[in-house]
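In what follows, chains carry the letters A, B, and so on, assigned in the order in which the sequence lines appear, proteins first and then strands, with residues in each chain numbered from 1.
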There are 2 protein chains.
Amino acid sequence: MKLTNKGRYAVMAMADLATNADKGPISLTEISIRQNISLAYLEQIFLKLKNNKLVKSSRGANGGYILEKPASEIKLSNIIHAVNEEVKTLNCKKNSKKGCNNKFTKCITHNLWDQLDQHINSFFETVKLQDLTKNN
Amino acid sequence: MKLTNKGRYAVMAMADLATNADKGPISLTEISIRQNISLAYLEQIFLKLKNNKLVKSSRGANGGYILEKPASEIKLSNIIHAVNEEVKTLNCKKNSKKGCNNKFTKCITHNLWDQLDQHINSFFETVKLQDLTKNN
DNA sequence: TTAATTCTGACTAAAAAGGTAGGAATTCAA
DNA sequence: TTGAATTCCTACCTTTTTAGTCAGAATTAA
């Protein structure tokens, strides 16, 4: 699980959309100002959010984005995964030379990181976008 | 919380020490071979582990490292913190221009990342080094 | 037609990750 | 007392990732 600004921005922007869901399409310019995130960067992020069917866009003047689904049906894990393709804590599988993924010497801590991944994911699986729009 | 190879290596090396605790000081050369981690990199890691009073060293031939405390008293969080000075998911406090830490517009997701930090930390607080030396 | 907007791809700068290199200091053992 | 094994320490290096910027095309409402 990668936890970077990009993921954070994505969640912030989605929370902004959810908060303003009643106002029709929200432009990235608005979000950029409200959340203090560069417009060009937001565009990149929303490309991915759109590809992952989390938002719908309308182009042209007065265009913008709206949530594709109700905020109650969007899990934070959906958002994080959308912008950070990679979701593993650990690259045991990738670096075969590192001696972790061979059958004989599975690294001592392999199970540990598996558990950690689950632990973190369970957090993002539990929290819904809607949960962010209430009491804050 | 940063979760990188360095932290993983540190945990692996400490688990190795714990497993071989009865054999007197363990040299980094041994650990390097067993865990397949570069010696020079281990040296850097152990410098920090030592500064954080997690291991004791003895220099010279037949020297090496031993755990400073019983494995049952070393939490994984101790190890991770030792090698990754920085432990925050989030840099709300650092980037003051990013508009998160001012009193008025605390960013929507601020509480969320605080909770996440706690969630992850609780994992590392719970697991002890000793837990890694059993069933794996 | 024009301004506002999304869409897209290429580029870049800075930071972090993941190391290497070289040598000094210490200590054991032959 | 010398040499090998080891920790200690600092500086450097390379690659990858992050966090953007830039330029411009496509679309659409007014």
Side-chain angles (χ1 to χ4, degrees), chain A residues 1-10 12-13 17 23-33 35-52 54-66 68 80 83-91 94-95 97-98, chain B residues 1-10 12-13 17 23-33 35-52 54-66 68 80 83-91 94-95 97-98:
Chain A
M1 175 69 71
K2 272 193 290 191
L3 301 171
T4 64
N5 264 353
K6 184 179 278 185
R8 193 162 71 90
Y9 287 168
M12 288 170 70
L17 275 194
K23 302 185 190 154
I26 307 294
S27 74
L28 294 190
T29 308
E30 291 178 64
I31 298 180
S32 167
I33 293 168
Q35 305 302 332
N36 201 357
I37 305 171
S38 109
L39 174 60
Y41 203 32
L42 274 177
E43 287 176 347
Q44 285 190 116
I45 290 171
F46 271 79
L47 195 61
K48 297 190 175 183
L49 292 175
K50 194 187 169 194
N51 290 341
N52 283 267
L54 294 175
V55 298
K56 275 190 293 197
S57 66
S58 52
R59 300 176 72 166
N62 295 330
Y65 291 91
I66 58 173
E68 170 105 25
I80 304 277
V83 298
N84 290 344
E85 306 73 16
E86 174 145 1
V87 200
K88 281 303 192 186
T89 325
L90 167 62
N91 42 13
K94 282 159 64 185
N95 295 357
K97 7 168 188 165
K98 288 301 176 191
Chain B
M1 174 70 70
K2 273 195 288 192
L3 300 171
T4 64
N5 264 352
K6 184 180 276 185
R8 192 162 72 89
Y9 287 167
M12 287 170 70
L17 276 194
K23 301 186 191 154
I26 307 293
S27 75
L28 294 188
T29 309
E30 289 178 65
I31 298 179
S32 168
I33 292 168
Q35 306 301 333
N36 202 359
I37 305 170
S38 108
L39 175 60
Y41 203 30
L42 275 177
E43 287 176 349
Q44 286 190 115
I45 291 171
F46 270 79
L47 197 59
K48 296 190 176 182
L49 293 175
K50 195 188 167 191
N51 289 341
N52 282 268
L54 294 174
V55 298
K56 274 189 293 195
S57 66
S58 53
R59 301 175 73 165
N62 296 329
Y65 290 91
I66 58 174
E68 171 107 22
I80 305 278
V83 298
N84 290 344
E85 307 72 17
E86 174 144 2
V87 200
K88 280 304 193 184
T89 325
L90 169 62
N91 40 16
K94 281 160 63 184
N95 294 357
K97 7 168 186 165
K98 288 300 175 190

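The only option from Leu49(A), Ile26(A), Leu17(A) that meets the side-chain contact (heavy atoms from CB on, under 4.5 Å) definition with Tyr65(A) turns out to be Leu17(A).
When the C1' atom of dT6(C) is taken as reference, atom CD1 of Ile66(A) falls 14 Å away, rounded to whole Å. If you take CG of Leu42(A) and P of dC22(D), they are 16 Å apart, rounded to a whole angstrom. Rounded to an integer number of Å, the gap from OH of Tyr41(A) to P of dT8(C) is 19 Å. Note: CG (Leu39(A)) to P (dG20(D)) measures 13 Å, nearest angstrom. For the pair Ile45(B) CD1 and dT20(C) P, the computed distance is 12 Å after rounding to whole Å. Here dG18(C) presents its P atom at 17 Å from CZ of Phe46(B), a figure rounded to the nearest Å. Distance Lys6(B) NZ to dA16(C) C1': 10 Å, rounded to the nearest Å. Distance CD1 (Ile37(B)) to P (dA17(C)): 17 Å, rounded to an integer number of Å.
For the atom pair CG of Leu47(A) and CG of Asn52(A), the computed distance is 10.0 Å after rounding to the nearest 0.5 Å. Interatomic distance, CD1 of Ile31(A) versus CE of Met12(A), reported as 10.5 Å (0.5 Å rounding). Once rounded to the nearest 0.5 Å, the distance linking CD1 of Ile37(A) with CZ of Arg8(A) reads 8.0 Å. How far CD of Glu68(A) is from CD1 of Ile66(A): 8.0 Å, rounded to the nearest 0.5 Å.
Between Lys50(A) and the phosphate of dT6(C), there is no side-chain N or O to OP1/OP2 separation shorter than 4.0 Å. Neither OP1 nor OP2 of dA19(D) sits under 4.0 Å from any side-chain N or O of Ser38(A). Neither OP1 nor OP2 of dT18(D) sits under 4.0 Å from any side-chain N or O of Asn5(A).
Annotation for Ala13(A) and Leu42(A): closest pair CB-CD2, 4.2 Å, computed over non-hydrogen atoms. Taking all atoms of both residues into account, the shortest heavy-atom contact from Ser58(A) to Pro25(A) is OG-CG, 3.7 Å.
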key: Stepwise side chain to side chain contact (heavy atoms under 4.5 Å, CB included) check, Lys23(A) with Glu30(A)   = CA-CA 12 Å; Lys23(A) 302 185 190 154; Glu30(A) 291 178 64; 5.9 Å; no
request  = Could you check Lys50(A) against Val55(A) for side chain to side chain contact (heavy atoms under 4.5 Å, CB included), going step by step and ending with a plain yes or no?
outcome  = CA-CA 5 Å; Lys50(A) 194 187 169 194; Val55(A) 298; 4.1 Å; yes
Protein-nucleotides 14-16 of chain D N/O pairs closer than 3.5 Å?
none

Output one line per pair: protein atom, nucleotide atom from nucleotides 9-12 of chain C, and distance, for all N/O pairs under 3.5 Å.
none

Between the protein and nucleotides 1-6 of chain D, list the N/O to N/O atom pairs that are separated by less than 3.5 angstrom.
| from | atom 1 | to | atom 2 | distance (Å) |
| --- | --- | --- | --- | --- |
| dA5(D) | N3 | Ala61(B) | N | 3.4 |

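Using the six-membered ring where Trp is involved, Tyr41(B) and Tyr9(B) have ring planes that are perpendicular, over 60° apart on the 30 and 60° scheme.
Judged by distance alone, the side chain of Ser32(A) and the main-chain N or O of Ser38(A) form no donor-acceptor pair under 3.5 Å.
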